[in-house]
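Worksheet for the structure shown next.
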Amino acid sequence: MAMKFITGAALGLGLAGMALAQDAPMFGGEEDQAYAQQVWQAMTDQHLAGDGAIMSFPYPGTIIIRFS
């Protein structure tokens, strides 16, 4: 009996959480996009992003060892 109550309560709280998440304000609006453009421009001006970006320590990858 207690397990049914716990399961029902968890389901109810989960559904309530999803309903609240749908009412959350959207991100990625005009203000966010303008800021992202400023950040990207600063990064490209310093050659940290975009064509010709500086890679001081390129990622060498990993060695995959397979045991058969």
message: Can you pull out every side-chain hydrogen bond (donor to acceptor under 3.5 Å, both in side chains) where at least one residue sits in residues 33-43? Sequence neighbours excluded, please.
response: Gln41-Asp45
Which atom pairs, one a donor and one an acceptor, fall under 3.5 Å between side chains of residues 25-32 and the rest of the protein, sequence neighbours left out?
| from | atom 1 | to | atom 2 | distance (Å) |
| --- | --- | --- | --- | --- |
| Asp32 | OD2 | Gly28 | N | 2.9 |
| Asp32 | OD2 | Gly29 | N | 3.4 |

- line: What one should report as the nearest heavy-atom pair of Thr44 and Ala49 is CG2-O, 3.5 Å
